[in-house]
Amino acid sequence: MDDRAKFKFEKLHIWRDAMDLGEQINSLTKDFPKKELYNLSSQILRAADSVALNISEGSIIQSKPEFRKFLGYSARSLAEVITCLHKARLRNYISEKVFEELYNACFKLMNMIIAFRKKL
């Protein structure tokens, strides 16, 4: 963990994993066709970034029910990422191997978000 972490969300494994996923998706979309710049590339990038953004936003000055709501938004954004990954695979923008790796990372993160949400 980063010693500079001063905010509550920076200490959360789900936030760190969501940040990593966002960076992986950012790298991935660089190889998508230019015709997807304002379509699938933009959609998956916004959804992937939204996972971590909702975790951080919900953790600051929020009640537990409000934080749960933001974790729900985060999970929905993650479902959107998964659907975009399916689209990318079907359009042959990513290999089956890359799809499986990211799909499994999303599945793990989804389970972590749901478990954390239930714990609140």
Side-chain angles (χ1 to χ4, degrees):
M1 181 170 20
D2 192 340
D3 289 336
R4 293 174 293 175
K6 293 187 182 359
F7 294 93
K8 178 177 155 182
F9 63 84
E10 293 174 303
K11 297 173 178 100
L12 297 173
H13 290 289
I14 57 171
W15 179 79
R16 284 186 262 139
D17 287 356
M19 290 290 288
D20 290 344
L21 177 67
E23 296 313 302
Q24 288 176 300
I25 295 296
N26 184 53
S27 293
L28 180 78
T29 60
K30 291 176 182 172
D31 294 330
F32 282 14
K34 295 293 178 228
K35 70 178 186 172
E36 293 289 4
L37 185 61
Y38 300 107
N39 294 312
L40 189 60
S41 295
S42 174
Q43 190 72 29
I44 195 171
L45 282 169
R46 285 183 289 117
D49 285 346
S50 186
V51 178
L53 289 167
N54 279 302
I55 292 167
S56 61
E57 186 176 354
S59 74
I60 301 295
I61 313 174
Q62 302 289 348
S63 64
K64 285 184 180 184
E66 195 70 13
F67 192 8
R68 277 190 212 95
K69 184 167 67 169
F70 277 89
L71 290 170
Y73 298 153
S74 187
R76 287 191 284 276
S77 292
L78 189 53
E80 194 174 335
V81 170
I82 293 162
T83 300
C84 289
L85 287 172
H86 278 285
K87 289 281 189 188
R89 182 179 50 88
L90 291 170
R91 294 174 187 177
N92 295 314
Y93 301 157
I94 59 174
S95 68
E96 188 67 34
K97 181 180 185 248
V98 168
F99 172 82
E100 286 296 325
E101 288 171 1
L102 289 169
Y103 183 87
N104 289 333
C106 288
F107 183 76
K108 179 183 173 197
L109 182 55
M110 180 70 79
N111 286 322
M112 289 170 63
I113 291 169
I114 291 168
F116 184 71
R117 187 172 184 248
K118 285 180 182 177
K119 239 177 113 173
L120 284 178

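Only a predicted model underlies this, so the values are computations on that prediction, with no experimental measurement involved.
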Colleague: Could you report the tightest heavy-atom contact between Ser74 and Val51, atom names first, then the distance?
Modeller: OG-O, 2.8 Å

Colleague: Could you please spell out the steps behind the side chain to side chain contact (heavy atoms under 4.5 Å, CB included) verdict for Glu100 and Asn104?
Modeller: CA-CA 6 Å; Glu100 286 296 325; Asn104 289 333; 4.2 Å; yes

Colleague: Same hydrophobic cluster for Trp15 and Ile61, using side-chain heavy-atom links shorter than 4.5 Å among ILVMFWY?
Modeller: yes

Colleague: With rounding to the nearest 0.5 angstrom, report the CD to OG distance, Glu10 to Ser56.
Modeller: 9.0 Å

Colleague: Could you tell me the separation between the CG atom of Leu28 and the CG atom of Leu45, rounded to the nearest 0.5 Å?
Modeller: 9.0 Å

Colleague: Can you find a heavy atom in the side chain of Arg117 that is under 4.5 Å from one in the side chain of Ile114?
Modeller: no

Colleague: Grab the two heavy atoms, one from Ser77 and one from Ser50, that are nearest each other, plus how far apart they are.
Modeller: OG-OG, 3.0 Å

Colleague: Once you round to the nearest 0.5 Å, how far does CG of Asp49 lie from CE of Met19?
Modeller: 8.0 Å

Colleague: Looking only at non-hydrogen atoms, find the nearest pair between Cys84 and Gln43 and report the distance.
Modeller: SG-CG, 3.9 Å

Colleague: Going through the distances and angles, do Glu23 and Asp20 end up as a side chain to side chain contact (heavy atoms under 4.5 Å, CB included)?
Modeller: CA-CA 5 Å; Glu23 296 313 302; Asp20 290 344; 5.8 Å; no

Colleague: Side-chain contact test, heavy atoms from C-beta onward, threshold under 4.5 Å: evaluate it for Leu85 versus Val98 and give yes or no.
Modeller: no

Colleague: For a quick test of reading the model, state the closest non-hydrogen atom pair linking Ala75 to Met110 and the distance between them.
Modeller: O-CE, 3.2 Å

Colleague: Please round to the nearest 0.5 Å and tell me the distance separating atom CG of Leu78 and atom CG of Leu71.
Modeller: 12.0 Å

Colleague: Is the shortest heavy-atom distance from the side chain of Leu21 to the side chain of Leu102 under 4.5 Å?
Modeller: yes

Colleague: What are the two closest heavy atoms between Cys106 and Val81, and how far apart are they?
Modeller: SG-CG1, 4.0 Å

Colleague: Which word best sums up how the rings of Phe70 and Tyr73 line up, parallel for under 30°, tilted for 30 to 60°, or perpendicular for over 60°?
Modeller: perpendicular

Colleague: Can you tell me how far the OG1 atom of Thr29 sits from the OH atom of Tyr93, to the nearest 0.5 Å?
Modeller: 12.5 Å

Colleague: If the threshold is 4.0 Å, N to carboxylate O, is there a salt bridge linking Lys97 and Glu101?
Modeller: yes

Colleague: Compute the centroid of each ring, for Phe9 and then for Phe67, and state whether the two points are separated by less than 6.0 Å.
Modeller: no

Colleague: Quick one, Lys87 and Ile44 - any side-chain contact, counting heavy atoms below 4.5 Å?
Modeller: no

Colleague: Let me check something: do Leu120 and Ile60 share a hydrophobic cluster, defined by ILVMFWY side-chain heavy atoms less than 4.5 Å apart, either directly or through other members?
Modeller: yes

Colleague: Check for me, please, whether Met112 and Leu53 land in the same ILVMFWY cluster - side-chain distances under 4.5 Å, paths through other members count.
Modeller: no

Colleague: Ignoring hydrogens, what is the shortest heavy-atom contact between Lys11 and Arg16? Give both atom names and the distance.
Modeller: O-NH2, 3.1 Å

Colleague: Would you check if Leu37 and Phe32 make a side-chain contact, meaning some heavy-atom pair closer than 4.5 Å?
Modeller: no

Colleague: Just wondering, do Ile55 and Phe116 contact through their side chains at under 4.5 Å, heavy atoms?
Modeller: no

Colleague: Are the side chain of Glu36 and the backbone of Pro33 linked by a donor-acceptor contact shorter than 3.5 Å?
Modeller: no

Colleague: Any side-chain to backbone donor/acceptor pair from Gln62 onto Glu66? Under 3.5 Å, distance only.
Modeller: no

Colleague: Look at the aromatic rings of Tyr103 and His86 and report parallel, tilted or perpendicular, splitting at 30° and 60°.
Modeller: perpendicular

Colleague: Could you check whether any side-chain N or O of Arg68 sits under 3.5 Å from a backbone N or O of Lys118, counting only pairs where one atom can act as donor and the other as acceptor?
Modeller: no

Colleague: CD1/Ile14 to CG/Asn111 distance, rounded to the nearest 0.5 angstrom?
Modeller: 12.0 Å

